[in-house]
Amino acid sequence: MTILCGSDEQAFKWTGDVSAARSLQTRLSACVIRENRWSSLQCVAGADVGFEERGAITRAVIAVLQWPTLFLIEYAVARLPTTMPYIPGLLSFRECPALLKALGQLSVMPDLVFCDGQGIAHPRRFGVASHFGLLSGLPTIGVGKSRLCGEHVELDDYEGASTPLLDRGECIGRVLRTRAHVKPVYVSIGHKVDLDTAEQLVGEATRGCRLPEPIRWADGIASRRPSFMKRL
DNA sequence: GCGACAG
DNA sequence: ATCTTGTCGC
């Protein structure tokens, strides 16, 4: 049952069948581990994706940082032809191939990955952070910049404020204000990390900016922002 | 049928 | 996400 998760997905091919992709997500979501399955952190990574050629090429970036100093150790950039369009709820099928390629190019395997996007805070509890975690086997945390699904009460405007993200009677994540006066981020379990730990780690990985440092690096490189490219 | 909708 | 012009603050 669970042993089929990895191999099933590797064989997945996008044919335009939205229903088939959704069914696969529902099956794979049962394989996601929602509790801590790691011992210690030596280094963590940030993962993000960007596009080239007006979307024809998918460019994935994984930046590895030392923990808990958050100094950049190394990074990898991988490019692959884009095989499917962006469809809300199916983002992981579009981004995971390039992310896995980038992961394979690293010389040091991170102990945990902060992903740009939702984990189980997803209609079928299988966002990109969970999908990538399952495929790589690595612990992952989903950090979304906006909401995909779920509801929550208004959030206090001070740094560290947080409130549960609820969907169909289930707590699927937490809305966290990483900095006063800025939009909150949506933290959720990706794989092998529980929610309390995920929120705590996001807080510890954030240094004055809205997003945690690992994701800032991956995003800065994926978006080719001069301020980041200069520091490489 | 209508509105919502990660990146 | 990407494109793109303009503005605000340190």
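Labels below follow one simple rule: chain letters A, B, ... track the order of the sequence lines, proteins then strands, and each chain is numbered from 1.
- Phosphate contact (OP1/OP2 of B:dC5, side-chain N/O of A:Arg147, threshold under 4.0 Å): present.
- For A:Glu52 and C:dT2, the CD to C1' distance is 12 Å, given to the nearest whole Å.
- Among the atoms of the strands shown, only primed sugar atoms or phosphate atoms (P, OP1, OP2) are found under 4.0 Å from some heavy atom of A:Gly144.
- The distance from atom CZ of A:Arg94 to atom P of B:dG7 is 13 Å, rounded to the nearest whole Å.
- Phosphate proximity of B:dG7 to A:Ser146: present, with a side-chain N or O under 4.0 Å from OP1 or OP2.
- Here the P atom of nucleotide B:dA6 and the NE2 atom of A:His152 are 13 Å apart, to the nearest Å.
- Of the possible donor and acceptor atoms, one in the side chain of A:Asp157 sits under 3.5 Å from a partner among the backbone N and O of A:His181.
- When rounded to the nearest whole Å, the span between CZ of A:Phe114 and P of B:dG7 equals 17 Å.
- Taking 4.0 angstrom as the limit, A:Lys145 places none of its side-chain polar atoms (N or O) nearer than this to OP1 or OP2 of B:dA6.
- Here C:dA1 presents its P atom at 18 Å from CD of A:Glu53, a figure rounded to the nearest Å.
- Taking every heavy atom of both residues into account, A:Ile215 and A:Asp116 meet most closely at CD1-N, 4.1 Å.
- The separation between A:Arg124 atom CZ and B:dC5 atom C1' is 11 Å, rounded to whole Å.
- Residue A:Tyr86 places at least one side-chain N or O under 4.0 Å from the OP1 or OP2 atom of B:dA6.
- Taking the centre of each ring, A:Phe93 and A:His131 come in below the 6.0 Å mark.
- If you check every strand for non-hydrogen atoms under 4.0 Å, A:Gly142 touches nothing.
- Separation of the A:Trp217 and A:Phe228 ring centroids falls under the 6.0 Å cut-off.
- For the pair A:Asp167 CG and B:dC5 C1', the computed distance is 13 Å after rounding to whole Å.
- Going from atom CG of A:Leu91 over to atom P of B:dG7 covers 8 Å, rounded to whole Å.
- Of the candidates C:dT2, B:dG7, B:dA6, the closest approach to any side-chain atom of A:Glu95 belongs to B:dG7.
- Separation of atoms CD (A:Glu95) and SG (A:Cys115) is listed at 9.5 Å; rounding is to 0.5 Å.
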